[in-house]
Amino acid sequence: MIANSFRKYAINIFNVPWTVGRYELCLYFSQFGYVTDIYVAFDKNTGLHQGYANLSFLRETSVNAVLERKHSLEGKDLIISRRIN
């Protein structure tokens, strides 16, 4: 089935420090597997991101590895959940 080849294995990341951007998220989460896409929501008025992001991996095993442990960046604990597509 063609649709399965386009499946994304993704996570939602909340409580992201305002000093952390796409690059830092990619660097950190690439230790769990190949990162295919990152979306960071920005506030149009302030130009700062809103503290959450979506990140996609190439493989589901990467998502499972992320969900098995706790994560923190810049001294803030991240809240991570599996994203249902």
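Note that this is a predicted model, so its numbers are computed, not measured. Start at 1 with the first residue, then count along the sequence.
No donor-acceptor distance shorter than 3.5 angstrom exists from the side chain of H49 to the backbone of T19, with no hydrogens or angles considered.
Residues I13 and I79 have side chains not in contact (no heavy-atom distance under 4.5 Å, counting atoms from C-beta outward). You'll find the side chain of S62 stays beyond 4.5 Å of the side chain of F29, heavy atoms only. Residues H71 and R69 meet the side-chain proximity criterion, which asks for heavy atoms closer than 4.5 Å. With a 4.5 Å cut-off on side-chain heavy atoms, K70 and D77 do not count as touching.
Tracing side-chain contacts under 4.5 Å through hydrophobic residues (I, L, V, M, F, W, Y), one never reaches Y52 starting from V63; they form parts of separate clusters. Taken together through direct or relayed side-chain contacts under 4.5 Å among Ile, Leu, Val, Met, Phe, Trp and Tyr, L67 and L25 form part of one hydrophobic cluster.
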Could you check I80 against F14 for side chain to side chain contact (heavy atoms under 4.5 Å, CB included), going step by step and ending with a plain yes or no?
-> CA-CA 6 Å; I80 299 176; F14 299 96; over 6 Å; no
Should R83 and I11 be marked as a side chain to side chain contact (heavy atoms under 4.5 Å, CB included) after you check the CA-CA gap, both sets of side-chain angles, and the distance that decides it?
-> CA-CA 5 Å; R83 181 170 182 189; I11 57 173; 5.6 Å; no
Going through the checks in order, is the side chain to side chain contact (heavy atoms under 4.5 Å, CB included) test met by L73 and E24?
-> CA-CA 9 Å; L73 290 172; E24 292 83 6; 5.8 Å; no
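Under the side chain to side chain contact (heavy atoms under 4.5 Å, CB included) criterion, N45 pairs with D43, not counting sequence neighbours.
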Atom pairs and distances, side-chain donor-acceptor, residues 31-39, under 3.5 Å, sequence neighbours left out:
from : atom 1 : to  : atom 2 : distance (Å)
Q31  : NE2    : Y28 : O      : 2.9
T36  : OG1    : S56 : O      : 3.3

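Look at E60 and R82 and you find a salt bridge, because one of the NZ, NE, NH1 or NH2 atoms lies within 4.0 Å of a carboxylate O, short of that distance.
Taken to the nearest 0.5 Å, the CG atom of N54 stands 9.0 Å off from the NZ atom of K8.
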